[in-house]
There are 2 protein chains.
Amino acid sequence: MTHDDAQGFFATRSALEAEKYLELDYTFECVGDPRVAAAHLCSEQSTAQWKRVGVNEDFRPTFAARVVEFDAEPSPLGFSYAVPGAPSGAVHRCRAVIAHPHANFGPKLPNLLSAVAGEGMFFAPGIPIVRLDDIRFPASFLSAFAGPQFGVRGLREQLQAFDRPIFFGVIKPNIGVPAREFAELAYEGWCGGLDIAKDDEMLADAPWSPISARSAALGDARVRASAATGARKMYLANITDEVDRLVPLHDLVVANGAGAVMVNALPVGLSAIRMLRAHARVPIVSHFPMIAGFGRLPHYGVSSVVFTRLQRLAGCDVIIMPGLGDRMMTPAAEVLANVRACLDEMGDILPSLPVPGGSDSAATLEGVYRALGTVDFGFVPGRGVFGHPDGPAAGARSIRVEWERIAAAGARN
Amino acid sequence: MTHDDAQGFFATRSALEAEKYLELDYTFECVGDPRVAAAHLCSEQSTAQWKRVGVNEDFRPTFAARVVEFDAEPSPLGFSYAVPGAPSGAVHRCRAVIAHPHANFGPKLPNLLSAVAGEGMFFAPGIPIVRLDDIRFPASFLSAFAGPQFGVRGLREQLQAFDRPIFFGVIKPNIGVPAREFAELAYEGWCGGLDIAKDDEMLADAPWSPISARSAALGDARVRASAATGARKMYLANITDEVDRLVPLHDLVVANGAGAVMVNALPVGLSAIRMLRAHARVPIVSHFPMIAGFGRLPHYGVSSVVFTRLQRLAGCDVIIMPGLGDRMMTPAAEVLANVRACLDEMGDILPSLPVPGGSDSAATLEGVYRALGTVDFGFVPGRGVFGHPDGPAAGARSIRVEWERIAAAGARN
């Protein structure tokens, strides 16, 4: 690409019709002229060959992705990560905001991912290290998506739980307990104060715990727990399965008394969630397997924030994400950015309840609450409830007691 | 976890019933006792809490993932990549083969991914850097999958193309050309010698090129090209879209004359491909967007080989993958491992045709053929055909001429 050719992939924001473009925040490390590299990043994700041979035309004005902000600085130490096959030469670290015309593909999640995080992003000449940090959608794109059906407010109304976090518990042991005994664990957790007892993300419809039997047992236990406590209780069934089984499993578990369904977002696919959303009669909860595979290294891959925004767009009422604490190896700033991605204004799309999880217990509740600065979150211990030395009821109670203490201390201030 | 607890997550291979286990090749970098870290990697992906409180039981013998091979060596320079929030201390680099009981979840792709590349893999205590390098399936697991419907032999029979590579061409410009003119480009490519003219992975059902009109125009052009050349020709339509549209779009494009359908595997989801496979009447071709996001860095994430195996399992007759050449930044060994993952014995699962792609032209054909050492591959130029200075027919012809030269030279030796 010549320098003149590259110029066709740059624009000023004011020259573009904002409603026609997604905005993408990339950082990248390149060899060669950084502006040419940025042009390649645009070209490869849009119109790489912008004219036919022998025809006087230029598709770039309508179809090209364009750089609207750009910085580059030399990186004397080279690439952040060694990549076999990377080009050699002086390295620059760059930041580019790219405006991508969404009519190139339309309001569809698989096509969006293919365009902004596909071959174009990862195979632009001269750019072995690249990361998609964030994405912004214009109203014209958002309006094609239904988003969450219930959102934070709808879930609170179903649970009649206001002005406080929502208390989830991951029933443990997650693997190995037969359905009836598994339901008894949940019953104890509910009686101790859980709002929502949930299947682990690895427990779905398994030969040794068929979801038909398990959801029936849990549905029954939920009714008993509600009667015993006088409070709304919810069973969250993990229906993660092949995509053609999501709708039938939704119907089965809801008929058996599940109040919400969980799917593992990337393993099932974001588009399958959107399909489920069109059918679902209960809240959809998504879980985070695989996302860290894309986003843990700060200079490569796709940030978890992008996936949080897409899960919300796909219609997840609740988004479980890596939270605070040593085990999760996730910077607090990233956790907070994901929480904001759930709750911040997003056109007419309802907020999703953020559930930052990971080795939580009564001992971590205040820290999570203070860090988030809002009661609009879910708290999701597993072993912190079901591994409690005095049993699940005591484990759940320890969390509710701790919350009462925090709330009372807040009221006194 | 105590050292005694950790011991419950180790086993000798001969003590395990091989048919009940997947084998997973992980490498990881950890702080702390490497054997305890390996046990955590098993525990977190299977039965993290292996007994109920107050019950005398142990789920590990049936449900635990177990280390069956293990090496560890000190890493004096620390972690390969800096991870914010990583634990500090002396670092070991480890290699673990883990046997994972597949009945924990059953023969389902989303549940497999959740178990072996999910929260357990990426959030095992002490292990910020981890990579899944490969996966092996016992016959008892494979038998639940149909695999490719046509495979390499079936595709060759449809095209009547034997003892040579299959010649694909990605119609370019990929974005911006209206359906009728787009079909004319394909026509020229077919007449020049392409077997298969295909949509780019970013061109699917777009507002400015509806797939109904495009597939009708291409279907018509294909008939004309077959008549003009006396050879079988195929249009490969990219039906990447929301998962609930895959089956209807398959039916539409096949009715219009498409001979095969393409889906972008990770953006659509592997499970959606398996769903499509159950319905498809033509070969399914998968493309590689996003896979490099998981696998480019050699010590982190999920290797492309794992995804190739899963695409074959899901039923892809053809797998387009990053190939040789500078632009693809993919080590030759990885390309060859992916080619073998397509072609090697895999129980009763048919082989998939590997298509290692990336900036190919007549100039790269011999190198690709020599490196692969087989004619069982697809060759997929884009600009190398459609950006040829003398037009698409000349571009396609240049490749067929080059192949004739290579084959004649081989026959003389």
Side-chain angles (χ1 to χ4, degrees), chain A residues 46-47 49-50 52-53 59 63 81 83-86 103-106 108 110-111 113-115 117-119 122-123 125 128 172-173 175-176 201-202 204 206-207 240-244 264 267-269 271-272 274-275 289-290 292-294 296-297 300-302 327-331 383 387 391, chain B residues 46-47 49-50 52-53 59 63 81 83-86 103-106 108 110-111 113-115 117-119 122-123 125 128 172-173 175-176 201-202 204 206-207 240-244 264 267-269 271-272 274-275 289-290 292-294 296-297 300-302 327-331 383 387 391:
Chain A
S46 60
T47 181
Q49 179 185 323
W50 57 84
R52 282 169 286 180
V53 174
F59 295 123
F63 295 101
Y81 316 117
V83 171
N104 281 11
F105 50 86
K108 307 166 185 195
N111 305 275
L113 288 168
S114 302
E119 181 176 350
F122 288 108
F123 296 94
K172 304 269 180 179
I175 293 184
E201 91 282 358
M202 283 192 295
T240 296
D241 208 297
E242 301 292 0
V243 298
D244 55 2
N264 298 340
V268 158
S271 178
R274 193 179 185 190
M275 173 189 75
M290 302 185 82
F294 275 112
R296 173 168 296 161
L297 303 188
Y300 188 71
V302 179
R327 183 184 149 226
M328 304 315 283
M329 297 174 281
T330 306
R383 286 162 267 183
Chain B
S46 60
T47 180
Q49 179 185 323
W50 57 83
R52 283 167 285 180
V53 175
F59 294 123
F63 296 100
Y81 315 117
V83 172
N104 280 12
F105 50 86
K108 305 164 186 197
N111 305 273
L113 288 169
S114 303
E119 180 176 350
F122 288 106
F123 296 95
K172 305 267 180 179
I175 293 184
E201 91 281 359
M202 283 192 295
T240 296
D241 207 297
E242 301 292 1
V243 298
D244 55 2
N264 297 340
V268 157
S271 178
R274 193 179 185 190
M275 173 189 75
M290 302 185 81
F294 274 112
R296 173 169 294 164
L297 303 188
Y300 188 73
V302 179
R327 183 185 149 225
M328 304 315 283
M329 297 175 280
T330 306
R383 284 162 270 181

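Residue numbering restarts at 1 for every chain, and letters A, B, ... go by the order of the sequence lines.
- Between Y81(A) and Y81(B), the two ring planes are perpendicular [angle over 60°; tilted spans 30° to 60°].
- In terms of non-hydrogen atom pairs under 4.5 Å with chain B, the most contact-rich of A292(A), A272(A), A115(A), A204(A) is A292(A).
- Per-residue heavy-atom pair counts under 4.5 Å with chain B were compared for G85(A), S114(A), G269(A), and the maximum is reached by S114(A).
- Here the closest heavy-atom approach between residue G106(A) and residue P207(B) is recorded as N-CD, 4.5 Å.
- The CD1 atom of I175(A) sits 13.5 Å away from the CH2 atom of W50(B) when rounded to the nearest 0.5 Å.
- With a 4.5 angstrom heavy-atom cutoff, F123(A) touches chain B via backbone and side-chain atoms both.
- Taking chain A as the reference chain and counting heavy-atom pairs below 4.5 Å, the highest number among P289(B), A206(B), G176(B) is found for G176(B).
- With a 4.5 Å cut-off on side-chain heavy atoms, L297(A) and Y300(B) count as touching.
- Counting heavy-atom pairs closer than 4.5 Å to chain B, the top-ranked of the candidates V83(A), D244(A), T330(A), D241(A) is D241(A).
- In this structure, the side chain of R296(B) engages the main chain of F122(A) through a donor-acceptor pair within 3.5 Å.
- Proximity to chain B (any heavy atom under 4.5 Å) is shown, for V302(A), by neither the backbone nor the side chain.
- Under the side chain to side chain donor-acceptor pair (under 3.5 Å) criterion, E242(B) pairs with S271(A), R274(A), sequence neighbours left out.
- The most heavy-atom pairs under 4.5 Å with chain B, out of P267(A), A103(A), G387(A), come from P267(A).
- Heavy-atom pairs under 4.5 Å with chain A were tallied for G118(B), P125(B), P173(B); the largest tally goes to P173(B).
- Per-residue counts of heavy-atom pairs under 4.5 Å with chain B were compared for S46(A), P331(A), G391(A); the largest is that of S46(A).
- Using a 4.5 Å heavy-atom threshold, the side chains of M290(A) and L113(B) count as touching.
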